Amino acid sequence: MSLNIQSSVRDALQNGFEEALSLQGEGVDPLLRKSQNPEHGDYQSNGAMGLGKKHGMNPRELAEKVIGLVDLSAIAHPLEVAGPGFINIKLKDETILEMVREMDADSGLGIAQSEDAHPVAIDLCGVNVAKQLHVGHLRSTIIGDALARMFERVGRKVYRENHLGDWGLPIAMVLERLIASGVDLDSLSLDALNDAYRDAQLGARMDSRGLQRAKERDAGPHRIIELETQNESASEAQQSAKDLLIALQQGDAKLVGEWEKLIECTMRSVFESLGLLNVKIGPEHNRGESFYREHLGGIVDEFVSGGLAVEDGGALVVRFDNRDRPMLIRKSDGGFLYATTDLAAIKFRTQTLGADQLIYVVDARQRDHFKDLFDAAALIGWDKTPDGAEVDMVHIPFGSVLGDDKKPLKTRSGSNVTLSSLLNEAIERGVAEVLKRSSDENAPTHGMDEASLHTIGRQIGIGAIKYADLSNDLVRDYVFDMDRMVAFEGNTGPYIQYAGARIRSLISKCEDDWSGAEFILGEPEERALIMQLLQYNAVFQGMLNSLEPHRLCTWLYDLTEAFNAFYQACPVLKVEDKEVKLSRVKLAHLTKRVIEDGLDVLGIESPEHM
RNA sequence: GCUCCGGUAGCUCAGUUGGAUAGAGCAACGGUCUUCUAAACCGUAGGUCGCAGGUUCGAGUCUUGCCCGGAGCGCCA
C-alpha cells in the first residue's frame with residue numbers, strides 16, 4: 001500500500017531519532033517531506049537540526065547516528081546526510097513500482113477514505129429570492145460544490161445547504177409591491193422580479209435616519225419637507241409590507257401561494273444557471289430562512305434562559321468576553337435578525353443532522369458575523385453533536401470578483417453583472433475556440449456535428465471559469481478577465497482538459513492489450529511522472545485539511561506538465577520495445593484517470609475530444 | 001478610532017505550514033510540427049519577497065512597529 005510505505009519510512013526515522021536521543025516513546029517528529037530537488041532523493045527528513053539543537057547535540061552527528069540505527073535497505077538506497085543535517089532518502093525502483101501498482105489497482109486511486117461517520121454541512125450558493133444571481137453567487141457555488149465533492153470523494157455524507165433568502169421583510173416588500181402594481185405572478189420574469197426588489201429597497205431606504213441627518217446638517221426647509229413626504233410614503237409602504245408579512249406568517253393561504261410563486265420564479269432561473277455550471281445543487285438542497293421561521297422564538301428563549309442573552313436598549317444581545325461588539329438576536333420591535341436564523345441553522349445542522357463539520361462559503365466581508373455566530377453557538381453548547389463529537393465550524397471567507405478597474409465587477413452601465421450573462425459569454429468563447437479548431441482538417445474534432453461541438457465548447461468555457469476561480473487562494477480578491485481565462489495556456493482548466501483528451505486519443509490508437517502490462521521506470525521523465533502521481537493522496541488529504549482547492553489545482557497542473565514532458569520525451573506507440581510501449585500506455589492511462597478524477601472533484605468536466 | 005484581510009518578476013499568481021539555489025504562466029526574445037492532438041514542448045531574460053527591527057543553525061513563511069490597498073464595525077442581509 002503506497003500510503004504505508006511513506007508512513008513506514010516516517011515511523012522508522014522516528015524510532016531512529018528516539019533511540020539516538022534516548023527518548024523512546026516521546027513521539028518526536030522526523031519532519032519527513034518530499035524532496036523539492038530530485039538530486040536530494042525522493043524524501044528528506046529535516047528533524048535533525050531542531051532536535052540536535054534542542055538536545056545539545058551536533059545536528060550532523062545526530063543525523064549520522066540516526067542513519068546508523070535505521071534500516072530501510074529493503075525499500076530504499078542507503079540514507080545520506082547532507083548540509084547541516086538533512087537526511088536524504090532515495091527509494092529503490094522496485095519500491096516505487098510497487099507503490100504505483102497499488103495505486104493503479106485501486107479504483108479509488110489511493111485516496112484514503114474518511115473514518116468520520118458524521119456528515120458535513122456546507123452552506124453554499126446563498127440565493128436571494130427575487131434577485132438575479134451575480135458573480136458573488138458564482139464563487140460561493142463553485143467553491144462550495146468543489147468542497148462538497150472533496151468530502152464525498154473520501155466517503156463523507158455531505159449536506160449542501162442552500163440557505164435561501166426567502167423570508168422576512170425584504171420578501172414581504174417585494175410581494176407587497178408586486179401585488180400593489182397588479183402584476184400577474186404566474187407569468188413573471190426574474191428580471192421583473194429583480195426590478196421590483198430594487199424598487200422596494202430604494203423606497204425603504206428613505207428612512208427616518210436620512211431625515212434626521214438632513215435636519216442635523218441644516219438642510220433647507222424645502223429639502224426637509226421633501227424628505228418628510230418621501231419618508232411618509234416609504235413608511236406607508238413599509239407598514240403595509242409589515243402587515244403583509246404578519247399575514248404571511250399566520251399562513252394566509254392566498255399569500256402563501258403567491259409567495260411560493262416568487263420562489264418558483266426565482267429558482268427556475270437559478271437552476272438554469274446552476275445546470276450550465278455543472279454543480280450538484282438542486283431543489284432538494286433548498287433549506288432557506290423560511291424553513292427556520294418557527295424555530296426563532298425558541299432559539300432566543302434558549303439564549304435568554306441560559307443567561308447568554310441580555311436586554312440592551314430594548315434589543316436582545318449576546319455578549320462576548322474578549323470583544324466589545326455584541327451580537328443582536330432580537331430587535332427592539334420584537335423582530336428577529338439574520339443572526340437568529342443562522343443560529344437556528346447551526347442548531348439544526350449540528351443537533352438534528354448531526355454534522356460535526358460546518359462550512360460556510362460566504363464572502364469575506366461577513367468574517368465578523370461568523371466569528372460571532374460560531375462563538376455564540378459554542379457558548380450554548382452546539383459545538384458538540386448529540387453523540388459528543390466536537391464540531392468544527394469554518395467560514396471560507398472568499399474574496400471579491402473585481403473588474404479591470406479593480407473595483408467590484410460591474411457592467412459598463414454600472415449594474416451588477418448577472419451570472420447568466422457571464423456564463424453565456426464563457427460558453428460562447430469556448431464554442432468559438434472549438435469551432436476554430438475543428439475547421440482544421442487534421443483536428444480530431446473536424447467533422448463532428450454541431451451539437452457535440454457546442455457541448456465541448458460549453459465544457460471548456462465553463463471549465464475555464466471554474467478553474468480560474470478555484471486555482472487562486474480563495475481569500476484573495478481576483479480580477480475577472482475573460483480573455484485570460486479562455487487563453488487556454490498556462491495554468492488553466494482547458495490546458496489540463498486538453499492533456500486528458502490527448503491521452504484518450506493516444507490510448508484509443510493502441511491496438512494491443514495493455515491491461516496486464518507492467519510499469520517500467522526507464523527515462524527520468526517516466527520516473528518523474530510516477531513520483532508526481534504517487535503524491536495524489538497526500539495532496540488530496542492536505543486539501544481536505546486546509547479546505548483549499550487551489551492546492552489540488554496546482555498539483556494537477558504540475559501533473560499535466562509532468563505528463564507533457566514525458567509525452568514529449570518518451571515515444572509511446574512508436575517505441576520499438578513492446579514491453580516499454582505497453583507500460584507507457586498503462587502509465588498514460590493512469591495519468592488520465594487521475595486527471596479526470598481530480599477535475600471531477602473540482603466540478604470540471606473532461607471532454608473526450610478537443 | 002478599533003478589528004480583520006492582502007502586499008512575492010512589467011502583468012496574473014504559486015510557494016508543501018520554519019528547510020538546501022524563491023518558482024510557474026502571460027507578455028518579450030530564440031528554438032522544436034509531412035503532429036502517437038503544437039490548446040504542446042525546450043531554452044534566454046526578468047527579484048532590496050511593501051519598509052525596519054526581533055526570534056534561531058536557518059525567515060517569503062513566526063513576532064513587533066510602520067507604510068500602501070481593501071473590507072467590516074447594534075436593531076439590513
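So you know, we letter chains A, B, ... as the sequences are listed, proteins then strands, and number each from 1. From a predicted model like this one, the values you see are computed outputs, not experimental measurements. Note that these values count all heavy atoms, side chains included, but never hydrogens, waters or copies made by symmetry.
- The side chain of A:Ser505 lies closest to B:U37, out of B:U37, B:A40, B:C75.
- One C1' atom belongs to B:C4, the other to B:U12, and the distance between them is 25 Å to the nearest Å.
- Under the Watson-Crick and G-U wobble criteria, each requiring two contacts below 3.5 Å, nucleotide B:C51 is paired to B:G65.
- Pairing partner, B:G19: B:C57, with both Watson-Crick or wobble hydrogen-bond distances short of 3.5 Å.
- If you check every strand for non-hydrogen atoms under 4.0 Å, A:Gly313 touches a base.
- An OP1 or OP2 oxygen of B:U12 is reached within less than 4.0 angstrom by a side-chain nitrogen or oxygen of A:Lys406.
- Note on A:His550: a side-chain N or O is less than 4.0 Å away from OP1 or OP2 of B:G15.
- As rounded to whole Å, 7 Å separates atom P of B:U37 from atom CG of A:Leu506.
- Between A:Asn564 and the phosphate of B:C41, there is a side-chain N or O to OP1/OP2 separation shorter than 4.0 Å.
- Distance check on atom C1': B:G46 versus B:G30 gives 16 Å, rounded to whole Å.
- B:G47 and B:U3: their C1' atoms are spaced 33 Å apart (whole Å).
- Residue contacts for A:Pro444: at a heavy-atom cut-off of 4.0 Å it reaches a base atom on one of the strands shown.
- Here the separation of B:C67 from B:U56, taken at their C1' atoms, is 28 Å to the nearest Å.
- Of all nucleotides present, only B:G10 satisfies the Watson-Crick or G-U wobble test against B:C26, with each distance under 3.5 Å.
- Below 30°, between 30° and 60°, or above 60°: for A:Trp259 and A:Trp167 the angle between ring planes is above 60°, a perpendicular geometry.
- Nucleic acid contact for A:Ala501: base, since at least one base atom lies under 4.0 Å from a heavy atom of the residue.
- Environment of CG in A:Asn322: crowded, with over 12 heavy atoms of neighbouring residues, nucleotides or ligands closer than 6.0 Å.
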Could I get a table of every N or O pair under 3.5 Å where one atom is in the protein and the other is in nucleotides 1-8 of chain B?
{"from": "B:C5", "atom 1": "O4'", "to": "A:Arg367", "atom 2": "NH1", "distance (Å)": "3.4"}
{"from": "B:G7", "atom 1": "OP1", "to": "A:Arg476", "atom 2": "NH1", "distance (Å)": "3.0"}

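- Here A:Cys553 lies out of heavy-atom contact (under 4.0 Å) with every strand.
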Provide a list of protein-nucleic acid N or O atom pairs under 3.5 angstrom, restricted to nucleotides 17-20 of chain B.
{"from": "B:U17", "atom 1": "OP2", "to": "A:Arg33", "atom 2": "NE", "distance (Å)": "3.0"}
{"from": "B:U17", "atom 1": "OP2", "to": "A:Arg33", "atom 2": "NH1", "distance (Å)": "3.3"}
{"from": "B:G19", "atom 1": "O2'", "to": "A:Gln44", "atom 2": "NE2", "distance (Å)": "3.4"}
{"from": "B:A20", "atom 1": "OP2", "to": "A:Gln36", "atom 2": "NE2", "distance (Å)": "3.0"}
{"from": "B:A20", "atom 1": "N7", "to": "A:Gln44", "atom 2": "OE1", "distance (Å)": "3.2"}
{"from": "B:A20", "atom 1": "N7", "to": "A:Gln44", "atom 2": "NE2", "distance (Å)": "3.4"}
{"from": "B:A20", "atom 1": "N6", "to": "A:Gln44", "atom 2": "OE1", "distance (Å)": "3.1"}
{"from": "B:A20", "atom 1": "N6", "to": "A:Asn88", "atom 2": "OD1", "distance (Å)": "2.5"}

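- Under 4.0 angstrom from either OP1 or OP2 of B:U37 there lies at least one side-chain N or O belonging to A:Tyr567.
- Note: A:Tyr292 and A:His163 meet the aromatic proximity criterion, with ring centroids under 6.0 Å apart.
- Residue A:Thr554 places none of its side-chain N or O atoms closer than 4.0 Å to OP1 or OP2 of B:A14.
- Searching all strands for a Watson-Crick or G-U wobble partner of B:U3 with both distances below 3.5 Å returns B:A71.
- Figure legend. B:U37 is base-paired to no nucleotide; pairs are counted as Watson-Crick or G-U wobble with both atom distances under 3.5 Å.
- Atom name P, nucleotides B:C36 and B:G23: the rounded distance is 34 Å, in whole Å.
- In terms of phosphate contacts, A:Lys509 brings no side-chain nitrogen or oxygen within less than 4.0 Å of OP1 or OP2 of B:C36.
- Remark: A:Lys371 is not in phosphate contact with B:G72, judged by side-chain N or O atoms under 4.0 Å from OP1 or OP2.
- Other residues, nucleotides and ligands contribute over 12 non-hydrogen atoms within 6.0 Å of the CD atom of A:Gln366.
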